[in-house]
J.: 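Got a structure for you, questions after.
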Amino acid sequence: MTDNEQLLELTGQIESIIYHNEQNGYTVLELNTGDSLATATGVAPMISVGEQVRLFGVFKNHPTYGAQFAFTAYERTMPDNLDGILKYLSSRTIKGIGPSTARRLVLEFGADTLNVLENEPERVAKLKGFSLKKAQEISEQLKSMLGIRELMVYLATYKITSATAVKIWKKLGNDAIARIEENPYLLCEEGLGVSFETADLMALSHDTPKDARLRVRAALSYVLRHNTYNGHTCLPQKTLTETTASLLEIEPLSCQAALEEMIDDNSLICDVIHEKEFIFLPSMYDSETYIAARIQMLLRYPAMNIGGAEEKIAAIEERDGIEYAELQKKAICEALEKGLLILTGGPGTGKTTTLNAIIRLLKENGQKVQLCAPTGRAAQRMSSVTGEEAKTIHRLLEVSYDIEDQPVFRKNERDMLNTDALIVDEVSMVDTGLMESLLRALPLSCRLILVGDSNQLPSVGPGNVLHDLIESNTIPVVTLTEIFRQSMQSLIVMNAHRIVRGETPDLRIRDNDFFFMPDRSQEHIAETVGDLCARRLKNAYGYNLLDNIQVLSPTRKGILGTYELNNRLQALINPNPSRGVKVGFYTLNEGDKVMQSRNNYDITWNRENGEFGEGVFNGDIGVMIEVNNASKVYKVRFDDRIATYDSDSVGDLELAYACTVHKSQGNEFDCVVMPMFRGAPQLMYRNLLYTAVTRAKKMLIIVGDANALQYMVENNRRILRYTGLLTFLTRE
C-alpha cells in the first residue's frame with residue numbers, strides 16, 4: 001500500500017474464512033456487508049465466522065481472484081444476536097463445539113450464550129455431554145480470543161501492528177495487557193519487534209519516573225543491543241552507564257545502581273578485560289566464551305596428522321610442473337599435519353593455489369572435505385576456483401527460522417556435520433553468532449581451515465572474529481606475502497598491496513587495469529560516474545551496469561552517496577520502466593539492479609531445472625524481472641535463481657547500481673567504479689579503501705580527489721570494536 005492511498009472502511013459480518021495462517025495471522029475472509037459478499041485479506045489472528053468487523057484498507061484487483069479488500073487494521077465485536085452467535089459457534093472456531101452443540105447452547109442460553117461460556121463454565125457443565133473440565137477449556141479458549149483482541153486494540157493506539165501484537169500475545173499470554181501496564185519495557189525485548197522508543201513512550205505516558213528502575217534496566221539492555229549493530233559484543237562499563245544516562249536524561253549514578261542489580265541477577269554479564277570492566281548481553285558472552293572454548297578443544301584434540309606432507313607436495317610439483325613458494329608449502333604442511341589453520345594473504349599471493357593443493361591432498365588421503373563461505377556469491381566463487389561444491393554457511397548448517405524470524409540451524413552439537421575437514425572462505429565476514437553456530441556443528445577432531453584476508457573490513461554483524469583469532473597467537477597462521485609474477489602485471493593487485501603498506505597507489509599509469517580520473521567537483525564526479533556506467537565502459541569494453549560494473553561508495557548520504565547515485569544511475573540505465581513498486585527511498589522498477597538488505601529465510605526461489613529452495617541473504621545482488629502490484633508478487637533473478645517476494649518481503653530490497661563498500665563484502669565484480677571525495681572522517685580510512693579496491697577483478701576506476709585518496713591511505717585507524725574473544729582465547 002503506497003503512502004498516498006486513502007484508507008476506506010468496510011463493515012459487515014464474517015460469513016466464512018477462506019484461508020488462515022496460524023503463525024502470522026494472515027487471513028482471507030468473506031464479509032457480508034448487507035449488500036453483497038466481499039473478499040478481504042489482511043492480518044487477523046483468531047478471527048471467526050459470525051463476528052461483526054469494521055475493516056480499514058483499500059480495494060485491490062488480484063489477477064486470479066478479482067477484487068479484494070486489503071485491510072491493514074480492523075475493529076471487531078463478538079456477535080450479539082442469535083443468528084450471529086449461532087454462526088460463530090457453528091464455525092468450529094471453538095474446539096469442542098460444532099453445529100449441533102452450538103444449536104443446543106443457543107437454545108439454552110440465548111443472547112447470553114457467549115458470556116456464559118466465557119464466565120460461567122459451571123452452568124455449561126450442567127448440560128448433558130459437558131463435563132466441568134470441558135466447560136473450563138471452552139472458557140479458556142474464549143478468554144484467549146478476547147485477550148488477543150483487547151491486546152490488539154490496546155497496542156494499536158501506539159501504532160503497533162496486528163502482526164507484532166500476535167508475537168507479543170504468544171510470548172506474554174492472556175494477561176499481556178496487565179504485564180505491559182506493569183512493565184511496558186517487556187515489549188522491547190529481542191524478538192518482539194517493538195522499539196525502545198515506543199516502549200518508553202508508553203511508560204512515560206503512564207507517568208513512569210525518568211529514573212524508574214524498570215526504565216533504566218531496559219535502557220541498559222537496549223544500548224548494548226543497539227551497539228551490536230555497530231559490531232560490539234560488549235561495552236566498557238563507564239561507556240555503557242554514561243551513554244544510558246544521556247539517553248534517559250538522568251544521572252549516571254542511577255544507571256550504575258541498576259547495572260549492579262542486573263549483574264547480580266545475571267541479566268547482564270560483567271568480565272574484566274585489560275583491567276577494565278566490560279558488560280555483555282548474556283547471548284554475546286555465551287557466544288564468545290563458547291568459540292574460545294571450542295577452539296581450545298580443537299587445539300587440544302587435533303585432527304589426525306597426515307604425514308609425509310613435503311613428499312606429497314614434491315610429487316604434485318613434479319607431476320604438474322608447478323613450483324610452490326615456501327610460505328605456500330608451509331601452509332599445506334600445516335593443514336595436513338595440524339587440525340587447525342588460518343590461511344590469510346592479499347590478492348595475487350596464491351591463496352587459491354594453496355587451497356587447491358590442500359583439498360587435493362586431503363581427498364587423496366581419504367578425507368571427506370566440505371567447503372563453505374558466508375555469502376552466496378563467495379560460495380559460488382569458491383566453487384569456480386576449486387572445482388568443488390561450496391555452500392553458504394547457512395545452507396551447510398541447514399537453516400530454518402523460528403516464529404520470531406530468527407535463524408535456527410538443524411546442524412549442531414546434537415546433529416553434527418558429516419565431514420573430516422571443513423574449509424571456510426571469507427572468514428573476515430563471519431560474525432560471532434555465525435562462528436558459534438558453525439563450531440557447534442563441527443565434529444570432534446575435525447580439521448578446520450579458515451581462509452580470509454585480515455586487511456579487509458570486519459563482519460557486518462557483531463564481533464571481530466578473524467582479527468581476534470589471529471591476534472591471539474594460539475592458532476597456526478600462515479600469511480602469504482609473495483606476489484606471484486602473473487599478478488604483478490595487475491595494477492589492482494600491486495596498488496592494493498601499496499595501500500596495505502600505507503604507500504600511495506600509482507595513479508600515473510593509464511593503460512592497465514587501475515585508472516584514476518582526477519576531479520574535485522562532486523557534481524562533475526557524479527556526472528562522470530554516470531557517463532562511465534551508461535556509455536563509455538559499454539562502448540570500450542562491452543561492460544554494463546547490470547552484469548559487469550559495480551559502483552562503490554564509502555557512504556549512503558550526499559551527492560556521491562549510494563542514495564543519490566542510485567537514483568541518477570537508474571534514470572540513465574532504466575529510464576522507461578513499465579512497472580515499479582515504491583520501497584523506502586526508491587521506486588524499484590522492472591529491469592532494475594537490486595540488492596537484498598537483510599537475511600530472509602522465508603523467501604522462496606526456484607531454478608530452471610526445477611530445483612527450489614528458501615532463503616535470500618544480505619548482500620545478494622539481482623535484477624527485478626517482475627513487478628505485479630495488483631497481485632503483490634515481485635520476482636528477482638539472482639544469477640540462476642528466481643526469488644518470489646510479496647508486499648512485505650519486497651521491503652528487503654533496495655537499488656544496487658551503487659552500494660556501500662561494506663555491503664560489497666564477499667562479492668567481486670569485473671569492473672568497479674568508485675567516486676573519491678572528502679567524506680565523513682569515520683568512513684575515510686585505509687581498510688575501507690583496500691576492501692573497495694580488492695572487489696575489482698579486471699578493472700578499477702577511481703574518479704575524484706587525489707588528496708582524499710591520500711588521506712584514506714594514511715589513515716590506518718581501524719574501526720574500534722569492543723569484543724571479548726581475544727581475551728577468552730588467551731586466558732589461562
J.: Judged by atom type as modelled, is there a donor-acceptor pair below 3.5 Å linking the side chain of S287 to the main-chain atoms of T432?
T.: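 Checked: no pair found.
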J.: Indicate yes or no for a side-chain donor-acceptor contact from N548 to the backbone of N544 under 3.5 Å, with no hydrogens or angles considered.
T.: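 Yes, because the side chain of N548 sits within donor-acceptor range (under 3.5 Å) of the backbone of N544.
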J.: Check whether any side-chain N or O of R721 sits under 3.5 Å from a backbone N or O of G463 as a donor-acceptor pair, and report yes or no.
T.: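 Yes; judged by distance alone, with no hydrogens or angles, the pair exists.
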J.: Enter the distance from D620:CG to D639:CG here, rounded to the nearest 0.5 Å.
T.: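 So the CG of D620 and the CG of D639 are separated by 8.5 Å.
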J.: Whether the side chain of N356 engages the backbone of V385 through a donor-acceptor N/O pair (distance < 3.5 Å, no angle test) should be reported.
T.: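 Checking the backbone N and O of V385 against the side chain of N356, a donor-acceptor pair under 3.5 Å is found.
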J.: May I ask you to decide if G345's main-chain N or O and K351's side chain share a donor-acceptor pair within less than 3.5 Å?
T.: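 Yes.
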J.: Return yes if some donor-acceptor pair links the side-chain N/O of Q665 with the main-chain N/O of P458 below 3.5 Å, else return no.
T.: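 Indeed, once roles are kept as given, a pair shorter than 3.5 Å links the two residues.
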J.: Check ring-ring contact (aromatic ring centres under 6.0 Å, His included) between F585 and all other residues, then give those that pass, not counting sequence neighbours.
T.: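 Partners of F585 by the ring-ring contact (aromatic ring centres under 6.0 Å, His included) criterion, ordered by chain and then number, come out as Y563.
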J.: Could you tell me whether a side-chain N or O of T354 sits under 3.5 Å from a main-chain N or O of G350, the two making a donor and an acceptor?
T.: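 Yes, because the side chain of T354 sits within donor-acceptor range (under 3.5 Å) of the backbone of G350.
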J.: Name the residue from K698, R695, R381, R377 that meets the salt bridge (charged side-chain N to carboxylate O under 4.0 Å, His left out) definition with E668.
T.: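 The passing option is R381.
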J.: Under the salt bridge (charged side-chain N to carboxylate O under 4.0 Å, His left out) test, which residues partner E608, sequence neighbours left out?
T.: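 Salt bridge (charged side-chain N to carboxylate O under 4.0 Å, His left out) check on E608 returns nothing, list empty.
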J.: My understanding is that only residues two or more places apart in sequence, or in another chain, count here; which of them pass ring-ring contact (aromatic ring centres under 6.0 Å, His included) with F617?
T.: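 With neighbours one apart ignored, the set is H394, Y601.
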